[in-house]
Amino acid sequence: MDRVPSSSSTGAGRYAPSPSGDLHIGNLRTAILAWLFARTTGRDFLMRVDDLDRVRPGAAERQLDDLAAIGIDWDGDVVYQSTRLPHYRAAIDRLTAAGRTYECFCTRREIQQAATAPHGPMGAYPGTCRNLTDEQRTARRTEGRPAALRLRAEVGEYSIIDLLHGEYRGAVDDLVLRRGDGVPAYNLTVVVDDGAQGVDQVVRGDDLLPSTPRQAYLAELLGLPVVEYAHVPLVLNAEGKRLAKRDGAVTLADQRALGNTPGDVVAAIANSLGYTARTTAELREVFERAHIPAEPWILEPIGLFLPEGCP
Ligand code: GLU
């Protein structure tokens, strides 16, 4: 497996935004937590831009500027996934050589319509193309259907240990490794990159907890070490839904337009974590990871984060 050099041998944490738009206060809070977890445990902190999908021009630069503006620093250069395609290909080739992949010709609609295997996890791939004969595969190829490549999983579930959630056991299905359009899939790239970068601590939003057993299983197949996970609560809007752009002044640019500084935003995030601090450096001095709130932060449409007069 390739290794991207890291400046220490003490492991690393990371933040890996997808450049689909500006980061909102929930993303910034998760980034601060990932940075705090890494920096308070003597780890490097790495920045990776997951730019294989959903890329909006200029978004990566603005995201990195915003992260720097709230006091997040990182070690080494930013790694862009779009520069790492040969490494994903190599990992896929290794799995294929070991007989652990198969082509899948199903459309999204077919997968949704297919009955899930008995006792199978909700939404899991039912294995339609897993046992196609060579003739069936050839027939589908000649129909011109673009094939995705799936993992031939040999377990239905896998357990991980999460610092906030404890032991978490979740579904593993025949996940997609390479999409029909040829783009390597998120679950593969994240595992390959974390392994190559020496990341041994993954702190991210708890919406990704259900994907983690799949990723940990894939990491094991690729011979990568076990990672320390912390899936942190998200920021929700007043209706209890995941925060989104339409929820008001939720980005740093929105806040600046209201006259609030990055320090004001850091202070609000620190407050949501139970601390009084105006900089990430101050927060680092007092942060105790055992005490992070288990509940989501509900961002009420009042005060700092919405313009006056908003309902
Ligand atoms: N690029 C992914 C996202 O923004 C990050 C996933 C991860 O942290 O593993 O959702």
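Computed from a predicted structure; not experimentally measured. Order of listing sets the numbers, starting from 1, for every ligand and every atom in it.
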Would you say [X] has any N or O atom under 3.5 Å from an N or O of ligand 1, going by distance alone?
| X | result |
| --- | --- |
| Ser18 | yes |
| Ala16 | yes |
| Arg54 | no |

Practice item. Would you please classify the geometry between the His165 ring and the His231 ring as parallel, tilted or perpendicular, with 30° and 60° separating the classes? Key: perpendicular
Check your understanding: Salt bridge or not for Arg141 and Glu103, using N-O below 4.0 Å?
Key -> yes
Review point. Does the distance from a Lys or Arg side-chain N to an Asp or Glu carboxylate O, for Arg289 and Glu228, drop under 4.0 Å?
Key: yes
Practice item. Check Val202 against ligand 1 and report side chain, backbone, both or neither, counting heavy atoms closer than 4.0 Å. Key: neither
Review point. Going from CZ on Arg178 to CZ on Arg89, what distance comes out if it is rounded to the nearest 0.5 angstrom?
Key: 9.0 Å
Point to revise | Distance, nearest 0.5 Å, that separates CE of Met47 from CG of Asp75 | key: 10.0 Å
Point to revise | Gln215 near ligand 1 by a heavy-atom separation under 4.0 Å | key: no
Check your understanding: At a 4.0 Å cut-off, with the gap strictly under it, does some heavy atom of Tyr186 reach an atom of ligand 1?
Key -> yes
Practice item. Any atoms of ligand 1 less than 4.0 Å from a non-hydrogen atom of Val190? List them with their elements. Key: 9 (O)
Review point. Numbering the atoms of ligand 1 from 1, which are under 4.0 Å from a heavy atom of Asp50?
Key: 1 (N), 2 (C), 5 (C)
**Study point:** Residues Asp264 and Thr261: side-chain donor-acceptor under 3.5 angstrom
**Key:** yes
Point to revise | No-hydrogen, no-angle side-chain donor-acceptor test under 3.5 Å, Arg169 and Ser159 | key: yes
List the closest protein heavy-atom neighbour of [atom]: residue, atom name, distance to the nearest 0.1 Å.
| atom | value |
| --- | --- |
| atom 8 (O) of ligand 1 | Arg14 NH1, 2.6 Å |
| atom 9 (O) of ligand 1 | Arg204 NH1, 2.7 Å |
| atom 10 (O) of ligand 1 | Leu208 CD1, 4.1 Å |

Review point. What residues, two or more places apart in sequence or in another chain, satisfy side-chain contact (heavy atoms from CB on, under 4.5 Å) together with Pro210?
Key: Tyr168
